[in-house]
Participant: 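First the structure, then my questions, so here it is.
Only this structure's heavy atoms are used, side chains among them; waters, hydrogens and symmetry mates stay out. In this chain, numbering begins with 1 at the start of the sequence shown.
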Amino acid sequence: MLITFEGIDGSGKTTQSRRLFNYLKEKGLPVHIFREPGGTQLAESLRKILLEEELDERGELLLFEAARADLCSKKLLPLLDAGEIVILDRFTDSTLAYQGYGRGIDLELVKTLNTFSTFGLRPDITFLLDIDVETALERVREKTRFDEPLFLEKVRRGFLEIAREEPDRVVLIGSKRSEDEVFEDIVRVLKDRTGLI
């Protein structure tokens, strides 16, 4: 099973994905966690470039997809084929929201590249942690070039549109509440929808 966490920076997705990983591990389930971009030596190198360098939006999109292809081929597909559970902090929805809705790159092109870089892999369930941009930016400790308010408003609207279009996969969870309240919702939904726990 592939479980993804999405949302703008400061939404709590890293915290909640890590909590779910620990929760499932304590239950004795075969679970792994990765972040995007990252998870392999190449992808981590590309992450550093993506977060620190000023890039044209086309180059930015292609580097994200290159990092993803490496992670999918070396880690995700083998683990999922072996029947393991994988949790991802960001996946294809982030690219659609940030580079598509945020940067204005053609949405169909982004979707095509997402499918290509993932070998057609899609999440079984996605938790979209939604929070207003102002609160999110107050939470972010180390800001990157992606953390600009007007840009993040576009990205947030993009995420909400994705959730509206794919309600069977994407679970929208308000994350302005306490960490424990958000996690309780995640566990409840996971039980109801997947029977995993």
Participant: Within a strict 4.5 Å, meaning less than it, do heavy atoms of the S17 and I87 side chains meet?
Facilitator: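 Yes - at least one pair of side-chain heavy atoms lies under 4.5 Å apart.
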
Participant: Evaluate whether atom CD of E165 has more than 12 neighbouring non-hydrogen atoms of other residues, nucleotides or ligands under 6.0 angstrom away.
Facilitator: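 Atom CD in E165 is packed in, count exceeds 12.
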
Participant: Identify the two heavy atoms, one from V110 and one from E65, that lie closest to each other, and give their separation to 0.1 Å.
Facilitator: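 Nearest heavy atoms, V110 then E65: O-OE2, 4.0 Å.
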
Participant: Can you name the nearest heavy-atom pair linking A136 to I8, along with the distance?
Facilitator: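 That closest heavy-atom pairing would be CB-CD1, 3.6 Å.
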
Participant: Is there a path of hydrophobic side-chain contacts, each under 4.5 Å between heavy atoms of I/L/V/M/F/W/Y residues, joining L160 to L107?
Facilitator: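 In one cluster: yes.
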
Participant: Nearest 0.5 angstrom please: K75 NZ to L80 CG, how far?
Facilitator: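 The NZ atom of K75 sits 13.0 Å away from the CG atom of L80.
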
Participant: Other residues, nucleotides and ligands only: do more than 12 of their heavy atoms fall within 6.0 Å of NZ on K111?
Facilitator: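 Correct, the count exceeds 12.
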
Participant: Just do the side-chain contact (heavy atoms from CB on, under 4.5 Å) check on E53 and R145 with the steps written out, would you?
Facilitator: CA-CA 9 Å; E53 300 290 335; R145 63 189 184 84; 5.8 Å; no

Participant: Taking atom types as modelled, find out whether Q99 and E57 have a side-chain donor-acceptor pair closer than 3.5 angstrom.
Facilitator: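 No, E57 and Q99 have no side-chain donor paired with an acceptor closer than 3.5 Å.
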
Participant: Shortest non-hydrogen contact from Y98 to L152?
Facilitator: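 Looks like OH-CD2, 4.0 Å.
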
Participant: Could you check if a side-chain atom of I173 sits within less than 4.5 angstrom of a side-chain atom of D130, using non-hydrogen atoms only?
Facilitator: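 No - every pair of side-chain heavy atoms lies 4.5 Å or more apart.
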
Participant: Do other residues, nucleotides or ligands put more than 12 heavy atoms under 6.0 Å from F116 CZ?
Facilitator: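 No, because the 6.0 Å sphere around CZ of F116 holds 12 heavy atoms or fewer from other groups.
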
Participant: Can you find a pair of side-chain heavy atoms, one from E84 and one from L2, that are under 4.5 Å apart?
Facilitator: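 Not touching, per the 4.5 Å side-chain cut-off.
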
Participant: Between S175 and S11, is there a side-chain donor-acceptor contact under 3.5 Å, judged purely by atom types and distance?
Facilitator: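 Not at all, the side chains of S11 and S175 share no donor-acceptor pair under 3.5 Å.
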
Participant: Could you tell me whether the side chain of L196 reaches within less than 4.5 Å of the side chain of M1, counting heavy atoms only?
Facilitator: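 Sidechains of L196 and M1: in contact.
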
Participant: Kindly compute the distance separating CD1 (I49) from CD (E60), expressed to the nearest 0.5 Å.
Facilitator: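 Here the interatomic distance stands at 12.5 Å.
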
Participant: How long is the gap from CZ on R141 to CZ on R139, to the nearest 0.5 Å?
Facilitator: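 Between atom CZ of R141 and atom CZ of R139 there are 11.0 Å.
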
Participant: Is the ring pair F146/F151 parallel, tilted or perpendicular, if the boundaries are 30 and 60 degrees?
Facilitator: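 Ring orientation of F146 relative to F151: tilted.
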
Participant: Specify the closest pair of heavy atoms between T40 and L71, including all atoms of both residues, with the distance to one decimal.
Facilitator: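 Heavy-atom minimum between the residues: CG2-CA, 3.9 Å.
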
Participant: Cation-pi check for F21 against K25: NZ or CZ below 6.0 Å from the six-membered ring centre and within 45 degrees of the axis, yes or no?
Facilitator: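 The answer is no, since K25 fails at least one limit relative to F21.
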
Participant: Could you tell me the separation between the CD1 atom of I186 and the CZ atom of R188, rounded to the nearest 0.5 Å?
Facilitator: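 That separation rounds to 10.5 Å.
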
Participant: Just so I know, are the side chains of F5 and P123 near enough to count as touching, which here means a heavy-atom distance under 4.5 Å?
Facilitator: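 A side-chain contact is absent here, since even the closest heavy-atom pair is not under 4.5 Å.
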
Participant: State yes or no: do I131 and Y101 share one hydrophobic cluster built from I, L, V, M, F, W and Y residues joined by side-chain heavy-atom distances below 4.5 Å, directly or via other members?
Facilitator: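 Cluster IDs for I131 and Y101 match.
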
Participant: Is there a continuous path of hydrophobic side-chain contacts, each under 4.5 Å between heavy atoms, that joins L113 to L96?
Facilitator: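 Shared cluster, yes.
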
Participant: Under 4.5 Å between side-chain heavy atoms, hopping through other hydrophobics if needed: is there a path connecting L121 to V170?
Facilitator: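 L121 and V170: separate clusters.
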
Participant: Closer than 4.0 angstrom, basic N to acidic O: yes or no for E134 and K176?
Facilitator: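 The answer is no: the pair does not qualify as a salt bridge.
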
Participant: For the residue pair T135 and E138, confirm or rule out a side-chain donor-acceptor distance under 3.5 Å.
Facilitator: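 No, E138 and T135 have no side-chain donor paired with an acceptor closer than 3.5 Å.
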
Participant: Is there side-chain contact between L88 and L76, with at least one heavy-atom pair below 4.5 Å?
Facilitator: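 A side-chain contact exists here, since the closest heavy-atom pair is under 4.5 Å.
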
Participant: Decide side-chain contact (heavy atoms from CB on, under 4.5 Å) for L77 and F119; before the verdict, give the C-alpha distance in whole Å, the side-chain angles of both, and the deciding distance to 0.1 Å.
Facilitator: CA-CA 9 Å; L77 292 170; F119 304 81; 3.6 Å; yes

Participant: So that I can tick it off, tell me whether R193 and D124 are bridged by a salt bridge, with the cut-off set at under 4.0 angstrom between side-chain N and carboxylate O.
Facilitator: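 Here D124 does not pair with R193 in a salt bridge, since their nearest N and O are not under 4.0 Å apart.
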
Participant: Tell me which one of E179, E26, E184 satisfies salt bridge (Lys or Arg N to Asp or Glu O under 4.0 Å) with R19.
Facilitator: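 Of E179, E26, E184, salt bridge (Lys or Arg N to Asp or Glu O under 4.0 Å) with R19 is met by E179 alone.
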
Participant: Closest heavy-atom contact between I197 and Y23?
Facilitator: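 Result for this residue pair: CD1-CE2, 3.5 Å.
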
Participant: Please identify which of these residues, E36, E6, K13, meets the side-chain contact (heavy atoms from CB on, under 4.5 Å) condition with S94.
Facilitator: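 It is E6, the one option of E36, E6, K13 that forms the side-chain contact (heavy atoms from CB on, under 4.5 Å) with S94.
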
Participant: Does a side-chain heavy-atom distance below 4.5 Å link F34 with D89?
Facilitator: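 Sidechains of D89 and F34: no contact.
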
Participant: Please answer whether the main-chain N or O of T144 pairs with a side-chain N or O of D147 as donor and acceptor at a distance below 3.5 Å.
Facilitator: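 A pair under 3.5 Å: yes.
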
Participant: Rounded to the nearest 0.5 Å, what separation is found between the CG atom of D185 and the CZ atom of F183?
Facilitator: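 It comes to 11.0 Å.
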
Participant: Apply side-chain contact (heavy atoms from CB on, under 4.5 Å) to R156 and D132, showing your working.
Facilitator: CA-CA 8 Å; R156 183 189 181 202; D132 64 277; 4.0 Å; yes

Participant: Side chains of K154 and R103: closer than 4.5 Å at any heavy-atom pair?
Facilitator: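 SC-SC contact between K154 and R103 ruled out.
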
Participant: Using every non-hydrogen atom in the two residues, find where C72 and P78 come nearest and quote the distance to one decimal.
Facilitator: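 So the two residues come closest at O-CD, 3.8 Å.
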
Participant: First locate atom CG of L62, then atom CZ of R58, and finally report the distance between them rounded to the nearest 0.5 Å.
Facilitator: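 Output value for this atom pair is 9.5 Å.
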
Participant: Between S117 (side chain) and N114 (backbone), is there a donor-acceptor pair under 3.5 Å?
Facilitator: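 At least one qualifying donor-acceptor pair exists.
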
Participant: Using atom types as modelled and distance alone, determine if a side-chain donor or acceptor of E181 lies under 3.5 Å from a backbone N or O of S178.
Facilitator: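 Here the side-chain-to-backbone pair exists.
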
Participant: Establish whether L63 and L61 are linked, either directly or via other cluster members, by ILVMFWY side-chain heavy-atom contacts under 4.5 Å.
Facilitator: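 Same hydrophobic cluster.
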
Participant: I would like to know whether E44 and R35 meet side-chain contact (heavy atoms from CB on, under 4.5 Å); could you show each step before the answer?
Facilitator: CA-CA 9 Å; E44 291 292 339; R35 66 178 181 177; 2.7 Å; yes

Participant: Any Lys/Arg nitrogen of R90 or D9 sitting under 4.0 Å from an Asp/Glu carboxylate oxygen of the other?
Facilitator: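 Between D9 and R90 there is a salt bridge, with a charged N closer than 4.0 Å to a carboxylate O.
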
Participant: Would you say K143's side chain and L137's backbone share a donor-acceptor pair under 3.5 angstrom?
Facilitator: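 Looks like yes, one N/O pair under 3.5 Å.
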
